[in-house]
Amino acid sequence: MPAPGNSRKPRGPKRLTLKNFTLPAAKLPDNYGEEQWKMLASAIDAIHKQTKLGVDLEVLYKAVESLSSKGKEAQQLYDRLRNMCQEHLKLVVLKLNDEGKASATQESDYLPLIDKVWNLHCDMMILIRCIFLSLDRKYVLQTSGLLSIWDMGLHAFGDCVVGHGNVLSRTVSGALGVIAYERSGDAVDRGRLKRLLHMLVDLQCYAKAFEPEFLESTKQFYEVESMRFLEQCEVPAYLIFAEKCLQEERDRADQYLHAATRRPLMGVVETQLVIAHMDAVLEKGFDVLADENRHEDLMRMFRLFSRVECLEKLKESFSLYIKKRGKDIVSNTNSDRDKTMVEDLLAFKRKIDKIGSHAFRNTQLFLDAIRDSFETFINYRHNKPAEMIAKFFDTKLRTGYKDCSEDDLETLFDEVMVLFRFINGKDVFEAFYKNHLARRLLLQKSASDDAERSILSKLKQECGGSFTGKLEGMFKDVNLSTDLTQNFRQSAGKKYAGEIDFSVNVLTASHWPTYAPCKVILPPKILEIQDTFNTFYCKSHRNRKLTWQTSLGHCLLESHFPKGVKDLQISAYQALVILLFNTEETLTCAQIHERTKIELEELKRILQSLACARIRVLTKEPKSRDVAADHKFFVNLKFDDKHRKIRINQIQLRETKAENAQTQEKLFQDRVFAVDAAVVRIMKTRKSMKHTALISELFNQLKFPVKASDLKKRIESLINREYLERDSQDTHTYKYMA
């Protein structure tokens, strides 16, 4: 501690500074610089003449180092070196021109000469730069405006050699000629070409002198080649040619061209090979490739169009192809083609899906094109595809697993549901599907309840519960009827046991198709059983009325023929006809009609099924397929069959033209009611609405295809019925009348 009263402050640590130790510069002789330059000039001259150096490299390096310490002497040394290099290159270019005139008959022959000169110059400049390295480091790099010794050598070569006369033009022409030879299939020295093009890059001549001419020559070459190849060959061969050329140009760019040239080069080649002939390739080859399932060629086309970002063009051709081929399937009005419409559509969909997945890599653009195109062409022929899909389901559900396994059938149903999604008029499908389902359930022709339930589940998932509500109600009615019949047999119907095995299906009218009332003459015993069942049913279900529909009834009739007893599985109407022959040997069509009251056209079909089909339990006179009122019918006493139980009621499973027309008419009426209801519902909410706005809203709400002209007719009908009125100030505006 300092003594009290001592004001001196304590000292801090001392700072030491260390400096480099340098010897005092030795005094050089007055002519030292000139002597050293003479030695250096002699060495440079020996390098240019490719002779042996007379002085060791270390001595030369130290001489340069001694002259590089002072700015004036260093600048003089740099200028002298540059002048010597330039003078040497002037002699080189004269010799080059003489050799070029003597030996280079073609521009490509000139390349080995300039390549040799360039390689020698580079080797010389490397050695000179090693000798003058200290000048480069101590003076040149520290002085602005001066080129490094290597760059000075490049600049001198560019000015004195490449920039002299036609050296540059001959070099460029020669390089283009060699590339043309290579494109023609000849082998060339890629190493030399790479060195020369890099020379042009180093001399900053590549971008201005070589690249534009190279791209132009490339354009002209492929313009001619692509046109010639496309005219001579088919599209698949052209696609292979185009990909091969693109790969070759890509390799060329990687091997010896500058990296910056790759993008414009590929752009030029793609333009001439792909873009320029895009329409011709699609028009000439797409349909053929798709028809023949040439997935590899289509994939090649996809890759080429993807390169030039023209997949939209390819998608348009793909969509046009789908619509064209699909329209051929749907619009063919031949009845035989209609029978196979769904199978043809399924096969076509599988074909298109394979093209989409294999050739077009499941690209969303093409998946959307498949969906939109199918939706367009499948609705080209209104109602028919929906009808045929319903019939296809009916056929498969009646055969079940006979032709395929459960998994295969489920897969098939999934594929058909895809087609179902494309249909606009799903109400058409519902109407026909309901008719076929009714036949399957009432005639017990459904092969599998599981398959039936599977279809209902798929339809419900696709369209909602309101779509399948009535169909599910049909199944419920059949199940309840089974229990009801069992109760009847155990109670009121017990007295008929052993005489007639009687079954009844009690159907909810709103769930099932509408059947025309039929008043046929039934056997007394059947009428008695009907009355008994009516009494039985009404006891437990008051305020309900049963209406008997015998058109879809069926029975098993025990028939005694001279050659044996047979059990005939036939329809109720067929049974009525056959039972008449218990008391009569011969009956005419007119007599049968009088005794049964079966509708005449229906009766003719029944008689044809019994007397003109493969299994003939009746015979007729005259022997013809047609049935007239005076034609006579007899029991076929020669009838025989190896089976005891014989099925001949297939006539009930086939839909008649009249039934088809009836379904279409009912569908039309349902649509009329739906349109009227939609118009009233909208106008009741809006009160007043323009015509165009009302039409647009109807298009949005209605679930089936409809024309604007038909909507206008329904609006006029509602005006006539005083649901709507026109605005007195604007006739295009409608008002709702409360």
Side-chain angles (χ1 to χ4, degrees), residues 22-100 102-103 112-143 145-164 167 192 195 198-199 202-203:
T22 56
L23 293 172
K27 188 176 181 180
L28 300 175
D30 295 336
N31 62 345
Y32 178 80
E34 291 298 325
E35 291 295 330
Q36 296 300 310
W37 169 245
K38 287 181 182 179
M39 179 178 64
L40 292 171
S42 176
I44 294 169
D45 188 57
I47 292 173
H48 286 158
K49 293 179 179 178
Q50 301 181 54
T51 58
K52 186 177 181 181
L53 296 176
V55 184
D56 189 69
L57 285 175
E58 185 178 357
V59 175
L60 296 173
Y61 181 84
K62 289 184 177 181
V64 172
E65 187 177 25
S66 63
L67 296 176
S68 302
S69 58
K70 295 183 179 181
K72 185 177 180 180
E73 292 179 353
Q75 181 63 46
Q76 186 180 29
L77 179 62
Y78 180 84
D79 293 340
R80 284 177 171 177
L81 173 62
R82 180 177 58 195
N83 293 336
M84 282 197 71
C85 291
Q86 289 175 347
E87 292 300 322
H88 166 71
L89 291 173
K90 289 177 182 179
L91 297 175
V92 168
V93 76
L94 293 176
K95 182 179 178 182
L96 175 65
N97 289 338
D98 292 340
E99 291 180 355
S103 61
L113 302 179
I114 188 68
D115 181 46
K116 180 180 178 182
V117 170
W118 169 250
N119 289 334
L120 287 175
H121 173 73
C122 291
D123 293 341
M124 293 175 185
M125 288 308 301
I126 290 172
L127 185 55
I128 291 173
R129 184 177 181 278
C130 289
I131 295 173
F132 287 83
L133 185 61
S134 58
L135 176 66
D136 220 11
R137 290 178 176 175
K138 292 182 178 181
Y139 179 72
V140 176
L141 296 181
Q142 306 299 326
T143 306
L146 290 182
L147 297 174
S148 67
I149 292 177
W150 177 259
D151 291 341
M152 177 269 292
L154 293 179
H155 191 267
F157 191 88
D159 288 345
C160 299
V161 180
V162 175
H164 182 272
V167 173
R192 177 185 296 146
R195 291 192 297 272
H198 282 195
M199 175 193 77
D202 292 340
L203 300 178

For the pair Ser66 (side chain) and Ala63 (backbone), establish whether a donor and an acceptor sit closer than 3.5 Å, ignoring hydrogens and angles.
->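 Such a contact is found between Ser66 side chain and Ala63 backbone.
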Determine yes or no for a side-chain-to-main-chain donor-acceptor pair under 3.5 angstrom, with Tyr78 supplying the side chain and Leu147 the backbone.
->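 Checked: pair present.
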Go through the steps to decide whether Phe157 and Val117 satisfy the test side-chain contact (heavy atoms from CB on, under 4.5 Å), and finish with yes or no.
-> CA-CA 10 Å; Phe157 191 88; Val117 170; 3.7 Å; yes
Crowding at [atom1], [X] (>12 non-hydrogen neighbours, <6.0 Å):
X      : atom1 : answer
His198 : NE2   : yes
Arg129 : CZ    : no
Arg137 : CZ    : no

Hey, could you give me the [atom1]/[atom2] distance between [X] and [Y], rounded to the nearest 0.5 Å?
X      : Y      : atom1 : atom2 : value
Ile114 : Arg192 : CD1   : CZ    : 12.0 Å
Gln142 : Asp136 : CD    : CG    : 10.5 Å
Cys160 : Leu94  : SG    : CG    : 10.5 Å
Ile47  : Leu127 : CD1   : CG    : 4.0 Å
Glu99  : Lys116 : CD    : NZ    : 6.5 Å
Leu133 : Lys138 : CG    : NZ    : 10.0 Å

[X] with [Y]: basic N within carboxylate O range, under 4.0 Å:
X     : Y     : answer
Lys38 : Glu34 : no
Glu65 : Lys62 : no
Asp98 : Lys95 : no

What closest approach, in Å, do [X] and [Y] show between heavy atoms, and which atom pair accounts for it?
X      : Y      : value
Ile131 : Leu60  : CG2-CB, 3.9 Å
Ala46  : Leu53  : CB-CD2, 3.8 Å
Ile149 : Leu135 : CD1-CD2, 4.4 Å
Gly153 : His121 : O-NE2, 3.1 Å
Ser134 : Val64  : OG-CG1, 3.4 Å
Tyr61  : Cys130 : CD1-O, 3.7 Å

Give every residue pair that meets the side-chain hydrogen bond (donor to acceptor under 3.5 Å, both in side chains) criterion with at least one member in residues 48-57, sequence neighbours excluded.
->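 Non-adjacent pairs meeting side-chain hydrogen bond (donor to acceptor under 3.5 Å, both in side chains): Asp45-Lys49.
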Min side-chain heavy-atom separation [X]-[Y] under 4.5 Å:
X      : Y      : value
Cys85  : Met125 : yes
Val92  : His88  : yes
Leu146 : Gln75  : yes
Val167 : Asn97  : yes
Leu40  : Leu81  : no

Passes side-chain contact (heavy atoms from CB on, under 4.5 Å), Phe132 versus Ile44? Steps please.
-> CA-CA 11 Å; Phe132 287 83; Ile44 294 169; 3.7 Å; yes
Between His155 and Asp151, does a side chain to side chain donor-acceptor pair (under 3.5 Å) hold up when you go through it step by step?
-> CA-CA 6 Å; His155 191 267; Asp151 291 341; over 6 Å; no
Arg195 vs Asp115, side-chain contact (heavy atoms from CB on, under 4.5 Å): CA-CA, chis, key distance, verdict = CA-CA 7 Å; Arg195 291 192 297 272; Asp115 181 46; 2.8 Å; yes
Given the rule in the side-chain contact (heavy atoms from CB on, under 4.5 Å) test, do Gln76 and Trp37 qualify, once you have shown the distances and angles that lead to the verdict?
-> CA-CA 10 Å; Gln76 186 180 29; Trp37 169 245; over 6 Å; no
